[in-house]
Amino acid sequence: MWFYRRILRVKWTDKRTNESVLKELKTERTLKLNLINARKLKYVGHALRNHRTSLMKTVCEGRLDGRKWKGRPPISLATNLTTACGLSLHQIVQKSQDRAGWQQKVRSSIATANTAFGDADR
């Protein structure tokens with residue numbers, strides 16, 4: 001979006017929405033939510049298979065010591081993962097150990113997401 005705004009010479013102080021910039025250039029965003037979820041799932045599978053560190057397991061559990069913040073709680077990585085692939089955290093950890101099986105699961109969850117939103121041809 002920064003590059004598109006630069007092409008149109010839109011100042012950072014101008015109150016223009018991203019949609020108006022895209023409409024003026026007659027283009028659309030190229031990075032889709034499906035692609036972001038696929039990359040996230042691939043990385044999580046890779047990190048969970050790494051036996052040298054338990055950092056990813058700690059992050060997936062989402063348990064950090066500290067005080068509770070005010071306001072709406074942020075969306076955790078665990079919530080993103082479970083909604084992206086339709087499995088529980090325990091199932092994600094188990095299935096990610098099998099690399100070929102996890103790659104198949106990522107592909108099937110992306111195909112399911114594409115057909116759910118009517119983007120099966122993309």
Side-chain angles (χ1 to χ4, degrees):
M1 288 308 304
W2 171 83
F3 185 71
Y4 290 153
R5 288 176 178 272
R6 181 82 184 214
I7 289 172
L8 294 176
R9 296 185 179 151
V10 176
K11 295 179 184 174
W12 68 273
T13 56
D14 293 344
K15 300 276 187 181
R16 295 241 354 230
T17 62
N18 290 337
E19 287 77 21
S20 69
V21 171
L22 291 170
K23 192 179 290 185
E24 186 173 343
L25 289 173
K26 297 180 179 112
T27 186
E28 61 182 27
R29 293 180 191 245
T30 56
L31 191 61
K32 303 285 185 190
L33 189 59
N34 298 345
L35 183 60
I36 293 170
N37 283 336
R39 288 179 180 177
K40 193 182 299 183
L41 289 173
K42 285 180 185 179
Y43 176 72
V44 165
H46 166 75
L48 286 174
R49 280 190 302 274
N50 187 1
H51 295 291
R52 286 179 265 161
T53 180
S54 64
L55 178 63
M56 192 60 177
K57 290 181 183 174
T58 305
V59 170
C60 280
E61 289 174 359
R63 295 191 183 113
L64 299 173
D65 295 332
R67 63 185 174 127
K68 184 178 176 193
W69 297 96
K70 292 182 180 178
R72 185 178 76 188
I75 297 174
S76 66
L77 177 64
T79 306
N80 280 335
L81 295 175
T82 55
T83 56
C85 66
L87 298 174
S88 69
L89 274 180
H90 183 69
Q91 291 171 330
I92 289 172
V93 171
Q94 284 182 339
K95 289 193 183 255
S96 67
Q97 298 305 315
D98 175 29
R99 184 176 184 194
W102 183 249
Q103 289 173 346
Q104 181 63 31
K105 179 62 183 168
V106 170
R107 281 189 219 107
S108 68
S109 66
I110 297 307
T112 305
N114 283 341
T115 56
F117 295 115
D119 296 339
D121 57 339
R122 294 184 199 169

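All values reported here derive from a predicted model rather than from experimental measurement.
- Under the 4.5 Å side-chain heavy-atom criterion for grouping Ile, Leu, Val, Met, Phe, Trp and Tyr, Leu35 is not connected to Leu22 through any hydrophobic cluster.
- Note: Leu81 CG to Leu87 CG = 10.0 Å, rounded to the nearest 0.5 Å.
- Atom OG of Ser88 sits about 9.5 Å away from atom NZ of Lys95, to the nearest 0.5 Å.
- Of all heavy-atom pairs spanning Glu24 and Arg16, the tightest one is OE1-NH2, 2.8 Å.
- Here the shortest heavy-atom pairing between Trp102 and Arg49 reads CD1-NH1, 4.1 Å.
- Atom CD of Gln104 sits about 10.5 Å away from atom CG of Asp98, to the nearest 0.5 Å.
- Separation of atoms CD (Gln103) and NE2 (His46) is listed at 12.0 Å; rounding is to 0.5 Å.
- The closest donor-acceptor contact from the side chain of Gln97 to the backbone of Leu48 lies under 3.5 Å.
- Between Ala84 and Ser109, the closest heavy-atom pair is O-CB, 3.7 Å.
- Shown here for Thr17 and Arg5, the closest heavy-atom pair between the two residues is C-NH2, 3.7 Å.
- Taking CD1 from Ile36 and CG from Leu41, the interatomic distance works out to 12.0 Å, rounded to the nearest 0.5 Å.
- Across all their heavy atoms, Thr82 and Ile92 have their closest contact at N-CD1, 4.2 Å.
- In the hydrophobic cluster analysis, where Ile, Leu, Val, Met, Phe, Trp and Tyr join through side-chain heavy atoms closer than 4.5 angstrom, Leu25 is grouped together with Met1.
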